[in-house]
Amino acid sequence: MKKLINAPATVLADALRGVEAAHPELEVDHENRLVLRPTAGTEGQVALVSGGGSGHEPLHSGFVGPGMLAAACAGEIFTSPTPDQMLAAAQKVNTGAGVLFIVKNYTGDVLNFEMAADLAGDEGIETASVLVADDVAVEDSTWTAGRRGIGGTVIVEKVAGAAAAEGRPLAEVAAVAEKVSKASRSMGVALTSCTVPSAGKPSFDLPEDQIEMGVGIHGEPGRTRKPLASAHDIAEELVSSITADLDFTGGPVIALLTGLGGTPLIELYVVYAEVAAALEQRGIEVARSLVGDYITSLDMAGCSLTLTLADDEVLRLWDAPVNTSGLRWGA
Amino acid sequence: MKKLINAPATVLADALRGVEAAHPELEVDHENRLVLRPTAGTEGQVALVSGGGSGHEPLHSGFVGPGMLAAACAGEIFTSPTPDQMLAAAQKVNTGAGVLFIVKNYTGDVLNFEMAADLAGDEGIETASVLVADDVAVEDSTWTAGRRGIGGTVIVEKVAGAAAAEGRPLAEVAAVAEKVSKASRSMGVALTSCTVPSAGKPSFDLPEDQIEMGVGIHGEPGRTRKPLASAHDIAEELVSSITADLDFTGGPVIALLTGLGGTPLIELYVVYAEVAAALEQRGIEVARSLVGDYITSLDMAGCSLTLTLADDEVLRLWDAPVNTSGLRWGA
Amino acid sequence: MADAVTTATLQNWLRRAAQALSENADYLTQLDSAIGDADHGTNMNRGFTAITAKLDAGSPADIPALFKTVGMTLISSVGGASGPLYGTLFLEMGKNSPADGEMNAADLEKALRAGVAGIVARGHAEVGDKTMVDALDPAVEALSASVASGATAAEAVTAAAEAAQKGSDATEPLVARKGRASYLGERSAGHIDPGSVSATILLRTMSEALTESAG
Amino acid sequence: MADAVTTATLQNWLRRAAQALSENADYLTQLDSAIGDADHGTNMNRGFTAITAKLDAGSPADIPALFKTVGMTLISSVGGASGPLYGTLFLEMGKNSPADGEMNAADLEKALRAGVAGIVARGHAEVGDKTMVDALDPAVEALSASVASGATAAEAVTAAAEAAQKGSDATEPLVARKGRASYLGERSAGHIDPGSVSATILLRTMSEALTESAG
Ligand SMILES: Nc1ncnc2c1ncn2[C@@H]1O[C@H](COP(=O)(O)OP(=O)(O)O)[C@@H](O)[C@H]1O
Ligand SMILES: Nc1ncnc2c1ncn2[C@@H]1O[C@H](COP(=O)(O)OP(=O)(O)O)[C@@H](O)[C@H]1O
Ligand SMILES: [Mg+2]
Ligand SMILES: [Mg+2]
Ligand SMILES: [Mg+2]
Ligand SMILES: [Mg+2]
């Protein structure tokens with residue numbers, strides 16, 4: 001394993017020191033492993049708290065700031081943070097208007113945020129939670145844990161953050177988040193496995209001529225293994241999987257093509273050219289797009305496509321100012 | 001070789017289609033392989049044109065837009081673009097105030113931009129050129145090609161872009177660019193080689209327990225090969241090499257830690273924590289910082305540190321609004 | 001009374017568990033690589049290292065307090081799915097343990113049954129979903145049967161550990177319906193569930209601790 | 001006259017060069033991987049493929065026009081260091097060639113000398129800097145000597161190609177002072193310079209074309 005780290009056990013603590021050094025505008029609570037924006041100026045606004053296992057940067061710490069998250073709780077690599085972290089975050093950022101937890105649908109994240117919500121309730125903090133479960137590679141069933149939350153999370157955090165910044169009440173911010181979550185679908189592909197630092201070796205072996213379709217963001221194997229294909233064919237499969245699951249022809253769409261950590265931007269643009277063509281062919285109108293590393297899986301090579309069916313409100317909130325290290329415009 | 005591409009020969013053309021699809025605010029000239037911002041609203045401003053081999057994204061196309069470059073000329077992977085591309089760019093973006101070529105110091109880039117400047121002169125376009133040669137891993141000598149231009153280029157493009165946006169004349173914009181270029185020093189480290197698509201295999205072999213110190217951004221081997229070291233030790237070597245070359249204690253510093261394409265953000269923050277500590281120990285004050293992928297080397301794992309000695313003017317221009325896909329604030 | 005389970009025995013159990021989980025951390029992580037995210041060994045090791053540190057710092061007053069401390073420690077140090085689930089196990093065991101300093105076999109059965117019920121209430125997994133419940137549920141049933149037939153606590157827990165082992169082994173062919181492995185669908189078959197192995201380790205070390213104190 | 005070099009012979013040369021550069025593209029790129037950026041083969045192949053396409057589309061009127069087209073094509077299709085340098089070689093050869101349709105050995109010597117001088121003027125490399133100049137400079141010297149001693153154009157260029165090959169081989173131990181390889185300092189020693197090999201290929205194929213038309 002070759003990584004720019006000091007030791008597997010200190011990766012998260014060290015990275016948080018780096019975040020603190022690079023972003024003096026943010027507060028880093030090392031004890032609770034939180035990245036927070038100052039609350040000054042956000043009085044009366046709903047505070048968005050998200051978090052999850054680390055290794056997906058810039059998600060979530062890179063999305064803390066005006067117009068997006070109030071706090072991010074950082075778990076160990078690929079491990080949900082704990083309820084006490086979430087409670088500490090809620091206590092620090094709540095200005096009285098309540099806290100929205102944005103939770104990716106993994107058993108660990110769900111359970112820990114559930115406990116945190118209970119604890120916050122005990123402390124008199126009003127909370128609501130929205131679950132993101134957008135990965136079409138996973139079959140949706142009431143008998144299972146349901147779908148994973150991946151790229152849709154970025155869109156939910158941005159749009160809900162803008163709604164919060166408008167001063168809307170908790171129920172409305174939660175409803176907007178819910179709407180965006182329900183209107184988002186994603187699908188990813190891996191060219192290589194990632195390597196979890198404490199594991200010290202790749203989570204799975206993938207021969208030089210094979211790829212994994214339908215991977216998540218935790219080095220879990222995908223749904224199917226296939227021969228390495230062209231960017232065109234891969235884009236076609238991502239798009240057809242997503243559009244088979246939800247009809248995106250009805251309205252404008254926000255498209256997010258994220259790298260998974262080990263894939264350079266030039267390749268993402270190559271894929272995005274094919275994605276755009278595949279969408280146009282299907283009569284789907286891309287109103288906004290993002291291409292780059294937004295939600296990653298350590299050093300995995302590959303990409304993940306997210307489409308969100310938007311309406312005027314969602315586009316307006318998408319366009320609203322945001323000022324974070326990972327996403328910034330109008331500010 | 002595992003890449004998200006269609007074919008080695010079409011990587012650049014395909015990526016430019018992707019840039020066009022993802023950024024409707026930009027113009028892409030496929031024939032001349034240019035990415036351009038609209039000239040409307042820039043009348044009377046000096047136009048910055050840069051370019052170089054592709055594979056370093058977001059540099060340069062990601063820095064085209066208000067407050068930074070007017071045009072980027074894209075060469076083949078790691079191959080300087082040609083004079084006719086540069087001339088076409090100059091013709092398209094010149095609004096009468098002249099064109100500043102920002103050139104990374106590689107023989108190919110220098111010769112091609114030289115020819116372009118001659119051609120532009122023939123067309124009655126006033127040009128000036130600034131050379132970036134900031135890599136301290138390369139010995140500086142009048143007998144050699146001199147130092148490579150790497151991370152300093154990002155800082156030069158940002159600061160000079162802001163000077164141009166202020167409407168300052170060509171000579172002044174060039175002087176600012178020159179000042180920043182002279183005040184910048186960089187040093188990089190590779191954990192892996194990159195793979196040039198048309199070559200199909202890594203440019204160099206690096207055993208699991210070895211790293212290359214002092215690499216450039218073209219898969220060329222570095223100055224020395226060493227055993228894999230901790231982020232702390234690597235940061236210490238980057239900082240000491242840079243600060244041995246130029247005294248940075250005298251003023252505020254802009255620090256850029258860029259990933260080389262295959263290294264995830266979490267590792268960059270781990271390194272930046274150590275860089276910040278190493279600088280503080282030396283009494284060097286970091287006034288502004290950037291951590292992320294800004295100038296890359298295809299899929300190489302590793303990072304490169306740049307320090308620029310700034311003054312009030314440089315910091316003011318650094319803080320000025322910029323609105324590009326790769327760098328955006330105040331806009 | 002030889003069959004009494006004291007806080008000392010339980011602490012011995014927890015330390016043995018910490019030791020065994022540390023020794024098996026790589027194995028658990030390897031199992032989690034195959035169908036999860038390669039952290040279960042690290043997670044359990046982190047949690048039980050924290051528990052050991054808590055025990056070193058001073059003993060809780062009684063068994064309910066001990067279990068509560070363990071549960072809270074797991075919840076605040078493990079994260080992931082296993083943190084809240086094992087945390088709930090111990091919190092529920094704490095709520096269902098006698099405060100008078102000792103447990104007999106029946107007490108242990110009651111506490112463990114409540115603990116496992118807590119896991120099921122939290123995680124909604126049933127036997128056959130390919131989770132820790134596949135080891136824990138048969139373990140509790142075996143414990144009950146042993147206790148009902150008059151076994152000592154040590155004997156009963158040994159039977160429970162054997163049942164857990166069988167339940168864990170039986171997860172191999174299953175298609176997961178809960179937890180991270182469920183994302184793999186059919187591809188989750190052919191691998192043992194990591195949580196069922198850590199659960200088995202907990203029961204096995206409990207059996208060792210009880211057998212040692214009984215012998 | 002058997003010693004006359006016609007545009008047809010020169011076109012034959014350029015097509016042979018294109019063929020040889022295409023066959024050696026991987027080798028040139030491999031040499032460039034060791035001390036450069038792994039693109040020299042791709043660059044030369046791209047440039048000479050473009051030249052072949054230009055020739056297929058129609059022949060320039062005379063030798064100066066032919067060389068000018070080749071030079072401009074290289075400049076606008078190759079990029080990198082080799083594009084402007086080889087482009088300059090051909091532009092200068094064009095400016096220093098007779099417009100009457102044929103060249104003799106002395107004409108060729110004059111043109112090539114001017115071309116190589118153009119490269120040196122542009123790139124400021126001297127013999128020993130570990131560049132294409134290490135092949136081209138001795139080639140021109142050998143050409144001059146041969147021509148002075150009364151050799152035919154074909155014989156003289158064959159001698160030049162041999163000198164180029166020697167010059168190229170001699171780059172192996174050198175520490176580069178120009179081009180990308182110079183960034184490596186001492187580590188550039190022990191590898192042949194890729195540009196010196198492509199230059200040798202140009203001279204070797206020229207020798208083949210001239211020998212063929214002379215024979
Ligand atoms: N809903 C659930 N109910 C019971 N156990 C579960 C459930 N989901 C997951 N598990 C158990 O948790 C184990 C994984 O734990 P761990 O790897 O530490 O957490 P994570 O899955 O969050 O990475 C699984 O092997 C499984 O036994
Ligand atoms: N200043 C120079 N003068 C003469 N030849 C040079 C000079 N710089 C580089 N070269 C030649 O160019 C070759 C490299 O060409 P190429 O790989 O196509 O371009 P680049 O170095 O831009 O990638 C080198 O092997 C060397 O022979
Ligand atoms: Mg996990
Ligand atoms: Mg090159
Ligand atoms: Mg796990
Ligand atoms: Mg080269």
Item checked: A:T82 versus A:Q85, side-chain donor and acceptor atoms under 3.5 Å -> yes
Item checked: Best-contacting candidate, C:D37, C:V78, C:T42, against chain A by heavy atom pairs under 4.5 angstrom -> C:D37
Check: Under 3.5 Å, is there a donor-acceptor pair linking the side chains of A:S186 and A:D134?
Finding: yes
Notebook entry, point to check: Considering only heavy atoms, which portion of A:E139 lies under 4.5 Å from any heavy atom of chain C: side chain, backbone, both, or neither?
Noted result: neither
Margin query: Using heavy-atom distances under 4.5 Å, tell me whether C:S82 contacts chain A through its side chain, its backbone, both, or neither.
Written below: neither
Margin query: Counting only heavy atoms not in C:D100 (residues, nucleotides, ligands), do more than 12 fall under 6.0 Å from its CG?
Written below: yes
Note to self: With heavy-atom distances below 4.5 Å as the criterion, would you say the side chains of A:V189 and A:L260 are in contact?
What the structure shows: no
Margin query: Using a 4.5 Å heavy-atom cutoff, which residues in residues 212-221 of chain A come close to chain C?
Written below: A:E212, A:H218, A:G219, A:E220, A:P221
Next item on the list: Identify which part of C:A181 has an atom lying under 4.5 Å from any heavy atom of chain A, answering side chain, backbone, both or neither.
Entry: neither
Notebook entry, point to check: Given that the side chain runs from C-beta out, which part of A:R33 has a heavy atom under 4.5 Å from chain C: side chain, backbone, both or neither?
Noted result: neither
Item checked: Pair C:Y86, C:S198: side-chain N/O donor-acceptor within cut-off below 3.5 Å -> yes
Margin query: Would you say that A:P207 contacts A:R225 through its side chain, given a criterion of any heavy-atom pair below 4.5 Å between the two side chains?
Written below: yes
Note to self: Does either side chain, that of C:T69 or that of C:K54, offer a donor lying less than 3.5 Å from an acceptor on the other one?
What the structure shows: no
Notebook entry, point to check: Under 4.5 Å between any side-chain heavy atoms of C:W13 and C:V5, yes or no?
Noted result: no
Next item on the list: Quick one: do C:K166 and C:E162 satisfy salt bridge (Lys or Arg N to Asp or Glu O under 4.0 Å)? Show the steps, please.
Entry: CA-CA 6 Å; C:K166 268 197 206 136; C:E162 280 161 15; over 6 Å; no
Margin query: Does any part of the side chain of A:M115, heavy atoms only, come nearer than 4.5 Å to the side chain of A:L111, both counted from C-beta?
Written below: no
Checklist line | Which residues share a side-chain hydrogen bond (donor to acceptor under 3.5 Å, both in side chains) with A:S203, sequence neighbours left out | finding: none
Notebook entry, point to check: Of the listed residues (C:R46, C:Q30, C:H124), which shares the most heavy-atom pairs with chain A below a 4.5 Å separation?
Noted result: C:R46
Checklist line | A:D140 versus chain C, the contacting section by heavy-atom distance below 4.5 Å | finding: neither
Next item on the list: Would you please say whether a donor-acceptor pair under 3.5 Å links the side chains of A:K104 and A:H60?
Entry: yes
Note to self: Quick check on the interface: out of C:G79, C:G80, C:A125, who has the most heavy-atom pairs with chain A under 4.5 Å?
What the structure shows: C:G80
Margin query: Counting heavy-atom pairs closer than 4.5 Å to chain C, which one of A:D84, A:I77, A:D135, A:T224 comes out on top?
Written below: A:D84
Note to self: What part of C:R122 gets within 4.5 angstrom of chain A, counting heavy atoms only: side chain, backbone, both, or neither?
What the structure shows: both
Checklist line | Top contributor to chain A contacts, counting heavy-atom pairs under 4.5 Å, from C:S76, C:S182, C:A81 | finding: C:S76
Notebook entry, point to check: Checking heavy atoms, do the side chain of A:Y106, its backbone, both or neither come under 4.5 Å from chain C?
Noted result: both
Next item on the list: Mind ranking C:P84, C:S33, C:A25 by heavy-atom pairs under 4.5 Å with chain A and telling me who comes out on top?
Entry: C:P84
